[in-house]
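Single-structure report; data block below.
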Amino acid sequence: MGQAMILFAQFFTRISIPVEIPDVTNKFKGNIQYFTLFGFLIGALEAGFFWLMSLVFPVWFAWVAFWIFDGILTGGFHLDALADTADGLFSSRKPERMHEIMKDSRLGTMGSLALLYFYMIVIGVGLVVANRLPLWQMAGLVAVSTMMAKTGIALLFYKMLYAGTGLASIWTGVSTWRIIVAQLFSIIVIGGLLRIPGLISYVVVLIFVYFYRRHIIHILGGLSGDPIGACGVLSQAVFLLVYAGLTKVIL
């Protein structure tokens with residue numbers, strides 16, 4: 001597990017860990033059961049940052065600062081995938097051309113809008129729930145929000161049909177039990193920190209990922225790195241939107 005955490009940190013964050021991990025492909029594929037745990041650990045680090053900021057600033061500003069910190073810590077890894085995916089899918093081109101657009105490093109109009117909409121949603125949610133939740137639960141929401149990116153992505157690994165040519169092909173053939181373990185960890189954390197509204201929001205994410213997967217496969221013939229990464233941030237946005245609505249109804 002230790003090597004898996006180091007490998008995930010090297011790949012998904014800007015944390016510099018000067019340790020060489022052998023057999024990277026099998027290490028990735030054989031440790032997906034720890035994927036959501038890794039997401040939670042990064043989320044816990046960000047929750048600590050959020051709590052420190054809340055000691056000095058209003059909670060709503062600490063929430064905004066958390067998203068800035070998240071971008072710095074991860075290098076916007078999944079955000080880049082969201083922008084590329086939006087540029088490709090909304091280009092109204094053939095699948096081959098969509099793949100080419102997604103590989104283009106330049107940011108297009110739809111990618112810019114996708115990033116803008118994402119931040120409007122996640123920051124807006126913080127403004128909505130800041131007065132509804134105690135500080136400890138806001139910190140829990142920070143940790144869970146970060147974990148949800150890995151939770152959503154892990155769901156795509158189930159019998160994954162890959163249509164790209166990049167590094168994400170290493171996640172084909174992941175054992176189903178590893179994905180289940182990763183999801184069970186998320187369920188336990190969400191239930192413990194966010195109670196019933198959080199668990200309902202998780203179920204909605206499950207449904208969203210199912211239809212997202214079908215849509216991507218229908219259009220592109222399979223998954224590739226950018227749509228996989230985009231699923232992570234979209235899962236965050238869906239989870240937070242549903243949770244914010246439920247806190248008004250249930251809490």
Side-chain angles (χ1 to χ4, degrees), residues 1-13 20-40 42 74-89 93-105 146-187 202 205-236 238:
M1 184 176 72
Q3 286 190 333
M5 293 297 107
I6 293 173
L7 187 60
F8 290 152
Q10 291 173 334
F11 191 78
F12 292 106
T13 76
E20 184 176 351
I21 305 298
D23 195 14
V24 170
T25 298
N26 287 326
K27 282 291 192 308
F28 263 123
K29 188 179 298 187
N31 287 281
I32 291 302
Q33 66 270 29
Y34 305 123
F35 198 45
T36 52
L37 169 60
F38 167 74
F40 178 72
I42 296 299
T74 64
F77 190 80
H78 296 319
L79 293 170
D80 180 66
L82 173 65
D84 288 341
T85 300
D87 283 333
L89 291 183
R93 307 294 178 85
K94 293 182 178 180
E96 296 78 12
R97 179 56 181 153
M98 288 183 183
H99 281 294
E100 292 176 3
I101 292 172
M102 285 189 283
K103 291 179 181 178
D104 192 331
S105 60
T146 302
M147 182 184 70
M148 282 310 301
K150 304 301 182 283
T151 302
I153 290 173
L155 290 168
L156 294 179
F157 297 154
Y158 176 70
K159 296 182 179 179
M160 189 172 77
L161 178 62
Y162 191 72
T165 57
L167 184 61
S169 62
I170 62 177
W171 288 310
T172 57
V174 174
S175 299
T176 301
W177 74 265
R178 300 183 190 278
I179 300 171
I180 293 174
V181 170
Q183 297 304 310
L184 287 176
F185 177 82
S186 292
I187 291 171
Y202 169 81
V205 170
L206 286 180
I207 297 170
F208 164 77
V209 172
Y210 171 77
F211 285 103
Y212 173 84
R213 173 193 173 105
R214 288 190 60 180
H215 181 64
I216 295 298
I217 292 175
H218 174 72
I219 293 178
L220 299 177
L223 296 165
S224 60
D226 285 324
I228 291 171
C231 183
V233 290
L234 290 173
S235 296
Q236 289 177 301
V238 170

Measuring only between side-chain heavy atoms, which start at C-beta, is [X] closer than 4.5 Å to [Y]?
X: Arg213; Y: Pro227; result: no
X: Leu223; Y: Leu161; result: no
X: Trp171; Y: Tyr162; result: no
X: Ile216; Y: Leu89; result: yes
X: Phe157; Y: Lys29; result: no
X: Leu220; Y: Met102; result: yes
X: Val205; Y: Thr151; result: no

So does [Y] get a backbone contact from the side chain of [X], meaning a donor-acceptor N/O pair under 3.5 Å?
X: Thr74; Y: Gly76; value: yes
X: Arg93; Y: Met98; value: no
X: Lys27; Y: Gln3; value: no

Considering only NZ, NE, NH1 and NH2 on the basic side and carboxylate oxygens on the acidic side, decide whether Glu100 and Arg97 come within less than 4.0 Å. yes
Filter on side-chain hydrogen bond (donor to acceptor under 3.5 Å, both in side chains), then keep only pairs touching residues 77-88, sequence neighbours left out; what's left? His78-Lys150
Working to the nearest 0.5 angstrom, can you tell me the gap between Leu155 CG and Phe208 CZ? 11.0 Å
For Phe40 and Phe35, run ring-ring contact (aromatic ring centres under 6.0 Å, His included): C-alpha distance rounded to whole Å, both residues' side-chain angles, the deciding distance at 0.1 Å, then the answer. CA-CA 9 Å; Phe40 178 72; Phe35 198 45; over 10 Å; no
In chain order, what residues pass the side chain to side chain donor-acceptor pair (under 3.5 Å) check against Thr36, with sequence neighbours excluded? none
Partner residues of Gln33 under the side chain to side chain donor-acceptor pair (under 3.5 Å) criterion, sequence neighbours left out: Arg178
Between Phe38 and Tyr34, does the ring-ring contact (aromatic ring centres under 6.0 Å, His included) criterion hold? Intermediate values first, please. CA-CA 6 Å; Phe38 167 74; Tyr34 305 123; over 10 Å; no
